[in-house]
> 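Here you go, one structure.
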Amino acid sequence: GQATTTDRSGDADRRHRGHGQRSDETPLTGDTAEKVRAAALAELPGATIERVETDADGHAEYEAHVVKADGTRATVYVDEDFDVVSVESR
């Protein structure tokens, strides 16, 4: 077999568009995922959750990527107590 390489240069571009899972962030499951979703929706009523995951950038313990009711994207940062610490609009 022939060796192949994977070009990952597009990963940062996809991240900035609000799509795709970063390799250094882990998808949330179970109770944790539900609590992060609930915190994000309480902060941004009418939003649609795209995904919830750990935050590798140091903003908070967790993050929820959402599409707000007006169609714009945002990231809701949630601490270990499931309180929203900030919202970053895209």
Side-chain angles (χ1 to χ4, degrees):
Q2 187 174 353
T4 59
T5 58
T6 302
D7 181 332
R8 301 190 63 82
S9 62
D11 283 1
D13 292 337
R14 280 194 296 279
R15 169 79 172 158
H16 290 295
R17 288 196 307 266
H19 298 284
Q21 175 73 41
R22 281 178 33 177
S23 62
D24 57 348
E25 295 179 332
T26 305
L28 301 179
T29 59
D31 265 4
T32 301
E34 288 306 313
K35 289 177 181 178
V36 171
R37 281 188 191 98
L41 292 174
E43 184 72 17
L44 297 174
T48 301
I49 305 290
E50 292 187 307
R51 67 184 186 279
V52 291
E53 60 200 5
T54 58
D55 173 41
D57 296 318
H59 297 285
E61 188 73 19
Y62 310 112
E63 62 187 25
H65 293 268
V66 305
V67 177
K68 297 191 296 187
D70 67 3
T72 61
R73 294 181 184 279
T75 303
V76 180
Y77 295 100
V78 179
D79 69 15
E80 61 276 358
D81 295 320
F82 304 105
D83 294 318
V84 172
V85 294
S86 67
V87 177
E88 178 183 306
S89 294
R90 302 218 178 266

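Bear in mind the structure is a predicted one, so any value in this text is a computation, not a measurement.
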> Would you confirm whether Glu25, through its side chain, and Ala56, through its main-chain N or O, come within 3.5 Å as a donor-acceptor pair?
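At least one qualifying donor-acceptor pair exists.
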
> I need the Arg73 CZ to Thr48 OG1 distance, nearest 0.5 Å.
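OG1 of Thr48 is found 10.0 Å from CZ of Arg73.
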
> Could you tell me whether the side chain of Asp81 and the main chain of Asp83 form a donor-acceptor pair under 3.5 Å?
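Checked: no pair found.
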
> For Ser89, what residues pass the side-chain hydrogen bond (donor to acceptor under 3.5 Å, both in side chains) criterion, not counting sequence neighbours?
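Result, side-chain hydrogen bond (donor to acceptor under 3.5 Å, both in side chains) vs Ser89: Lys68.
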
> Supply the members, apart from Val67, of the Ile/Leu/Val/Met/Phe/Trp/Tyr cluster built from side-chain contacts under 4.5 Å; use none for a lone residue.
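Once heavy-atom contacts under 4.5 Å are chained together, Val67 still belongs with nothing else.
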
> Might you work through the side chain to side chain contact (heavy atoms under 4.5 Å, CB included) test for His65 and Glu53, ending with a clear yes or no?
CA-CA 8 Å; His65 293 268; Glu53 60 200 5; 2.8 Å; yes

> Ala47 and Leu41: which non-hydrogen atoms are nearest, and at how many Å?
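Smallest heavy-atom distance, with atoms named: O-CD2, 3.2 Å.
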
> Once you round to the nearest 0.5 Å, how far does OH of Tyr62 lie from OG1 of Thr32?
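Going from OH on Tyr62 over to OG1 on Thr32, the span is 4.5 Å.
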
> Considering non-hydrogen atoms only, spot the tightest contact between Val66 and Ala40 and give its length.
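So the minimum-distance heavy-atom pair works out to CG1-CB, 4.4 Å.
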
> Is it possible for you to say whether Leu28 and Ile49 belong to one hydrophobic cluster, with membership spreading through side-chain heavy-atom contacts below 4.5 Å?
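Yes, Leu28 connects to Ile49 through the hydrophobic network.
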
> Can you tell me if Thr54 uses its side chain to pair, donor with acceptor, with the backbone of Thr26 under 3.5 Å?
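Confirmed, Thr54 side chain pairs with Thr26 backbone.
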
> In chain order, what residues pass the side-chain hydrogen bond (donor to acceptor under 3.5 Å, both in side chains) check against Asp70, with sequence neighbours excluded?
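Once residues adjacent in sequence are excluded, the partners of Asp70 under the side-chain hydrogen bond (donor to acceptor under 3.5 Å, both in side chains) criterion are Thr72.
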
> Applying side-chain hydrogen bond (donor to acceptor under 3.5 Å, both in side chains), can you list everything that pairs with Asp24, at least two apart in sequence or on another chain?
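Asp24: side-chain hydrogen bond (donor to acceptor under 3.5 Å, both in side chains) contacts with Arg22.
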
> What heavy-atom pair brings Pro45 and Ala69 nearest, and what distance separates the two atoms?
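Shortest heavy-atom separation between Pro45 and Ala69 comes out as O-CB, 4.2 Å.
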
> Which heavy atom in Glu63 sits nearest to a heavy atom in Tyr77, and how many Å separate them?
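Heavy atoms of Glu63 and Tyr77 come nearest at OE1-CE2, 3.2 Å.
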
> With sequence neighbours excluded, what pairs up with Glu34 under the side-chain hydrogen bond (donor to acceptor under 3.5 Å, both in side chains) test?
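side-chain hydrogen bond (donor to acceptor under 3.5 Å, both in side chains) check on Glu34 returns Arg37.
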
> Check side-chain contact (heavy atoms from CB on, under 4.5 Å) between Val87 and all other residues, then give those that pass, not counting sequence neighbours.
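Once residues adjacent in sequence are excluded, the partners of Val87 under the side-chain contact (heavy atoms from CB on, under 4.5 Å) criterion are Glu43, Leu44, Ala74, Val76, Val84.
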
